[in-house]
Trainee: 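Before we start, here is the structure in question, set down as structure tokens.
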Amino acid sequence: MDENKPLKVRLTFSVILVGISLLFAAVVTDHWAVLSPKVEEYNTTCEAAHFGLWRLCIKRLFMQEQGLKEKGCGPITLPGEHNCSYFKHFTPGQSSEIFEVTTQKEYSISAAAIAIFSVGFAIIGTICVLLSFGKKRDYLLKPASMFYTFSGLCIIISVEVMRQSVKRMIDSKETVWMEYSYSWSFACACSSFVLLFICGIALLLIALPRFPQNPWETCMDAEPEH
């Protein structure tokens, strides 16, 4: 039996908890992408937007000409009036017509649903790991590792769906948005994929039985014949 196995499990689980924290941060925040229209006139206000899986936030900024290279509205960190609303397909009473017109709601629904699956897999995997800390429950580490791997795959699929949504929005002729950038929520989702996927595979390798290092170990461990 590998005496360092409990230590390896706890270290891997610690890294997994960091990945889960990043996953939750990505799912609940609204900074996946930042959109801005082209600014033709300065010393006026313009509207920039940032959104996540559930909400769209519009920020009205006052732009002053700072250089010939700066033609977009922003950066979003500038002070201004801030207004957030949930997407209409999640809360029918709310208004988010700008987002609804310029991109298909199927993208937003799909990205949110897949992210929820990712969170669910992560929670089930964590329950399995916590239960495995009991005596003779190491067998729970294998399903836990698979749940973490599935969680990582789901969140990266959600990231790709969101990326396609932004690309479709920018390419649309109906939209006012001309420039875009991915923000820190998007980075949290990508980082959580890396940690959950790699640590899920590592946890599976730790849970597998150790192969005999010498040919006679298997014979020595065999039960004597009666």
Trainee: Any link between L22 and W184 through a network of hydrophobic side chains (Ile, Leu, Val, Met, Phe, Trp, Tyr) touching at under 4.5 Å?
Mentor: no
Trainee: Same cluster for V18 and V27 if Ile/Leu/Val/Met/Phe/Trp/Tyr side chains link at under 4.5 Å?
Mentor: no
Trainee: Run V166 and L35 through side chain to side chain contact (heavy atoms under 4.5 Å, CB included) and show every step you take.
Mentor: CA-CA 9 Å; V166 173; L35 306 172; 4.3 Å; yes
Trainee: Do the side chains of L11 and L203 join up, straight or via other hydrophobic residues, at under 4.5 Å, putting them in one cluster?
Mentor: no
Trainee: If you draw the axis of the six-membered ring of F133, does the NZ or CZ of R10 fall within 45° of it and under 6.0 Å from the ring centre?
Mentor: yes
Trainee: Counting only N and O atoms by type, is there a donor-acceptor contact under 3.5 Å from the side chain of T29 to the main-chain atoms of A25?
Mentor: yes
Trainee: Decide side chain to side chain contact (heavy atoms under 4.5 Å, CB included) for I20 and Y148; before the verdict, give the C-alpha distance in whole Å, the side-chain angles of both, and the deciding distance to 0.1 Å.
Mentor: CA-CA 9 Å; I20 294 175; Y148 286 133; 3.8 Å; yes
Trainee: Tell me the closest heavy-atom pair linking V129 and A144, and the distance in Å.
Mentor: CG2-CB, 3.6 Å
Trainee: Could you measure the distance from the CG atom of L205 to the OG1 atom of T12? Nearest 0.5 Å is fine.
Mentor: 9.5 Å
Trainee: Measuring only between side-chain heavy atoms, which start at C-beta, is V159 closer than 4.5 Å to C190?
Mentor: yes
Trainee: Any chance you could lay out the side chain to side chain contact (heavy atoms under 4.5 Å, CB included) test for M146 and F121, step after step, and finish with the verdict?
Mentor: CA-CA 9 Å; M146 300 306 296; F121 284 136; over 6 Å; no
Trainee: Ignoring hydrogens and geometry beyond distance, is a side-chain donor-acceptor pair present between Y139 and S132 at under 3.5 Å?
Mentor: no
Trainee: Same cluster or not: are V15 and V194 linked, directly or through other Ile, Leu, Val, Met, Phe, Trp or Tyr residues, by side-chain heavy atoms under 4.5 angstrom apart?
Mentor: no
Trainee: Could you tell me the separation between the CE atom of M162 and the OG atom of S108, rounded to the nearest 0.5 Å?
Mentor: 6.0 Å
Trainee: Calculate, to the nearest 0.5 Å, the distance between atoms CD1 and CG belonging to I114 and L153 respectively.
Mentor: 11.5 Å
Trainee: In terms of hydrophobic clustering (I, L, V, M, F, W, Y; side-chain heavy atoms under 4.5 Å; direct or indirect links), are F186 and Y180 co-clustered?
Mentor: yes
Trainee: Where is the tightest heavy-atom contact between L196 and S151, given as atom of each residue plus distance?
Mentor: CD1-OG, 3.5 Å
Trainee: With side chain to side chain contact (heavy atoms under 4.5 Å, CB included) as the criterion, how do W32 and S158 come out once you've worked through the C-alpha distance, each side chain's angles and the decisive distance to 0.1 Å?
Mentor: CA-CA 11 Å; W32 283 61; S158 180; 4.2 Å; yes
Trainee: How long is the gap from SG on C188 to NE2 on H31, to the nearest 0.5 Å?
Mentor: 11.0 Å
Trainee: I need the D138 CG to L208 CG distance, nearest 0.5 Å.
Mentor: 12.0 Å
Trainee: Looking only at heavy atoms, what is the nearest atom pair of K5 and I206, with distance?
Mentor: CE-O, 3.5 Å
Trainee: Check for a donor-acceptor pair, side chain of H50 on one end and backbone N or O of I58 on the other, with a separation under 3.5 Å.
Mentor: no
Trainee: For the CZ atom on F117, are there more than 12 heavy atoms of other groups (residues, nucleotides or ligands in this structure) within a distance under 6.0 Å?
Mentor: no
Trainee: Within the side chain of S110, is there an N or O that forms a donor-acceptor pair under 3.5 Å with the backbone of Y107?
Mentor: no
Trainee: Could you tell me how the ring of F147 sits relative to the ring of F150: parallel (under 30°), tilted (30 to 60°) or perpendicular (over 60°)?
Mentor: perpendicular
Trainee: Using a 3.5 Å distance criterion without hydrogens, assess whether the side chain of S165 forms a donor-acceptor pair with backbone atoms of V161.
Mentor: no
Trainee: What are the two closest non-hydrogen atoms of G200 and S145, and how far apart are they?
Mentor: O-CB, 3.1 Å
Trainee: S192 and L23: which non-hydrogen atoms are nearest, and at how many Å?
Mentor: CB-N, 3.7 Å
Trainee: Hey, what do you get for CZ (F13) to SG (C199), rounding to the nearest 0.5 Å?
Mentor: 11.0 Å
